Amino acid sequence: GACGYGDLNKQGYGLATAALSTALFNDGYTCGACFEIMCTNDPKWCLPGSIKITATNFCPADYTKTTGVWCNPPQKHFDLSLPIFLKIAQYKAGVVPVKYRRIPCAKTGGVKFETKGNPNFLMILPYNVGGAGDIKAMQIKGSGTGWITMKKNWGQNWVTDVVLTGQGLSFRVVTSDGISKDFINVVPKNWGFDQTFDGKINF
C-alpha cells in the first residue's frame with residue numbers, strides 16, 4: 001500500500017484499516033493515524049455502532065470520471081475492507097455517509113522499526129505507533145554519530161543516505177501532536193536489511 005506497510009495482519013493492523021482519499025491522506029503524513037467512523041443519515045443502510053480503523057493506504061483520485069468520484073478532492077472518503085464496512089452498513093449500500101473523528105491509536109507492544117534499502121540508502125518503516133499514530137519527523141543515530149534528521153521518502157518510509165552499517169541504531173520519533181520519544185539502541189550493530197526490531201516502548 002501507499003503507506004509502505006507490508007503484511008497488515010503480521011504487523012498487527014488486521015482488517016481494521018482504511019485507504020484515505022487525497023483530502024485526508026496528506027501526502028502520506030496521515031499514515032498510521034486512527035479514526036472512529038459511524039454510518040449516519042442513512043437509516044435504510046446504516047447499522048448502529050462505530051468502527052475504529054488505522055489509515056494504512058491511499059485511495060487515488062480518478063479525474064477521468066464524473067460519477068462515483070469518492071476519492072477525488074475535496075471528498076473525505078474512507079475505503080474500508082469489506083468485513084469492517086459490514087459492521088456499520090449493509091453490503092448493498094456500497095457507499096454510505098459517515099461521521100468520523102480522529103482518536104488516539106491503542107497499540108499493544110512497542111513501536112516496530114523495519115530496515116529496508118541498501119548500504120548507501122537506509123530506509124526505516126516505523127509501524128504499530130500508538131498515540132497520534134502518524135509521524136511528522138524522525139531522526140536516527142548510529143552508535144558513532146549524533147542525531148541525523150531523516151527525510152520522508154513515501155508513505156511512512158523515512159530515509160537517510162548516511163552509511164550506518166555496522167553501527168547500533170537509535171531512533172527519535174515525533175508524532176503529529178508534537179510528542180517526541182527516543183528509542184535508544186533498538187537495533188544491534190550486526191543488523192541487516194529487511195529485518196524488524198522492537199522499540200519496546202510506545203506513545
Side-chain angles (χ1 to χ4, degrees), residues 1-8 10-14 16-38 50-58 76 78 84 99-117 122-143 145-162 164 167-188 191 195-203:
C3 289
Y5 304 125
D7 182 330
L8 294 176
K10 204 174 76 183
Q11 293 175 340
Y13 296 111
T17 58
L20 303 185
S21 63
T22 306
L24 290 167
F25 188 67
N26 189 21
D27 197 26
Y29 277 103
T30 313
C31 289
C34 297
F35 295 86
E36 183 174 15
I37 302 171
M38 61 192 296
S50 64
I51 52 170
K52 292 174 179 168
I53 58 94
T54 304
T56 58
N57 209 341
F58 175 52
K76 291 177 176 167
F78 298 87
I84 293 294
K99 279 200 294 201
Y100 72 92
R101 61 179 185 153
R102 277 288 296 269
I103 56 170
C105 296
K107 303 295 179 193
T108 51
V111 173
K112 307 289 191 291
F113 299 91
E114 187 179 334
T115 57
K116 306 181 194 182
L122 173 58
M123 190 151 74
I124 299 290
L125 170 71
Y127 66 91
N128 196 51
V129 181
D134 50 347
I135 295 169
K136 72 173 181 184
M138 193 160 159
Q139 290 179 303
I140 190 169
K141 182 180 178 313
S143 41
T145 73
W147 287 104
I148 299 159
T149 298
M150 301 187 84
K151 287 196 190 89
K152 188 168 89 69
N153 186 273
W154 62 276
Q156 217 34 291
N157 286 295
W158 296 77
V159 296
T160 179
D161 51 13
V162 177
L164 293 167
Q167 296 189 44
L169 304 178
S170 301
F171 304 104
R172 177 171 287 161
V173 176
V174 185
T175 45
S176 63
D177 54 0
I179 294 174
S180 174
K181 275 203 192 301
D182 290 355
F183 300 82
I184 303 298
N185 299 329
V186 170
V187 178
W191 63 272
Q195 292 182 314
T196 299
F197 299 92
D198 189 340
K200 301 286 196 289
I201 57 169
N202 215 317
F203 287 85

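Residue numbers count from 1 along this sequence. These numbers come from a predicted model, not from an experiment.
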Report task. Starting from the C-alpha separation in whole Å, work towards a yes-or-no answer on side chain to side chain contact (heavy atoms under 4.5 Å, CB included) for Cys31 and Phe25. Result -> CA-CA 7 Å; Cys31 289; Phe25 188 67; 3.6 Å; yes

Query raised in the report: Where does the angle between the aromatic ring planes of Tyr127 and Tyr13 fall among parallel (under 30°), tilted (30 to 60°) and perpendicular (over 60°)?
Result: tilted

Query raised in the report: Of the non-hydrogen atoms in Lys107 and Asn202, which two are nearest, and what is the gap between them?
Result: CB-ND2, 4.0 Å

Query raised in the report: Are the side chain of Glu36 and the backbone N or O of Lys52 linked by a donor-acceptor pair below 3.5 Å?
Result: no

Query raised in the report: Which value, rounded to the nearest 0.5 Å, describes the distance between Ile124 atom CD1 and Asn153 atom CG?
Result: 12.0 Å

Query - Short side-chain to backbone donor-acceptor contact, Asn57 and Thr17, under 3.5 Å - result: no

Report summary line: In short, Ile135 meets Ala137 closest at the heavy-atom pair CG2-O, 3.4 Å

Query - Heavy-atom check, side chain of Phe58 versus side chain of Leu20, under 4.5 Å - result: no

Query - N/O donor-acceptor pair under 3.5 Å between Ser170 side chain and Asn185 backbone - result: yes

Query raised in the report: How many angstroms lie between atom CE of Met123 and atom OG1 of Thr115, to the nearest 0.5 angstrom?
Result: 10.5 Å

Query raised in the report: Out of curiosity, Asp182 CG to Gln139 CD, how far, rounded to the nearest 0.5 Å?
Result: 8.5 Å

Query raised in the report: CD of Gln167 to NZ of Lys141: how many Å apart, nearest 0.5 Å?
Result: 9.0 Å

Query raised in the report: Counting only N and O atoms by type, is there a donor-acceptor contact under 3.5 Å from the side chain of Gln156 to the main-chain atoms of Gly4?
Result: no

Query raised in the report: For Phe113, which of Phe183, Trp191, Phe197 qualifies under ring pair (Phe, Tyr, Trp, His ring centres under 6.0 Å)?
Result: Phe183

Query raised in the report: Taking all non-hydrogen atoms of both residues, which atom of Ala132 and which atom of Ser176 are closest, and how far apart?
Result: CB-OG, 3.6 Å

Query raised in the report: Heavy-atom distance under 4.5 Å between the side chains of Thr54 and Gln11, does that happen here?
Result: no

**Report entry** Minimum heavy-atom distance Gly1-Trp154, with the two atoms named
**Finding:** O-CZ3, 3.4 Å

Query raised in the report: Mind checking whether Thr30 and Leu24 have side chains closer than 4.5 Å, heavy atoms only?
Result: no

Report summary line: Rounding to 0.5 Å, atoms OG1 (Thr196) and CD (Glu114) come to a distance of 4.0 Å

Query raised in the report: Can you check whether Leu169 reaches Leu122 side chain to side chain, under 4.5 Å on heavy atoms?
Result: yes

Report task. Taking the side chain as every heavy atom from C-beta outward, state whether Val111 and Val173 have any atom pair closer than 4.5 Å. Result -> no

Query raised in the report: Are any of the side-chain nitrogens in Arg102 or Asp177 under 4.0 Å away from the carboxylate oxygens of its partner?
Result: no

Query raised in the report: How many angstroms lie between atom CD1 of Ile148 and atom CD1 of Ile140, to the nearest 0.5 angstrom?
Result: 7.0 Å

Query raised in the report: Where do Gly130 and Phe203 come nearest, in terms of heavy atoms and distance?
Result: O-CB, 3.4 Å

Report summary line: For Cys105 and Gly133 the tightest heavy-atom approach is SG-CA, 3.8 Å

Query raised in the report: Is a side-chain N or O of Lys152 found less than 3.5 angstrom from the main chain of Asp27, in a donor-acceptor match?
Result: yes

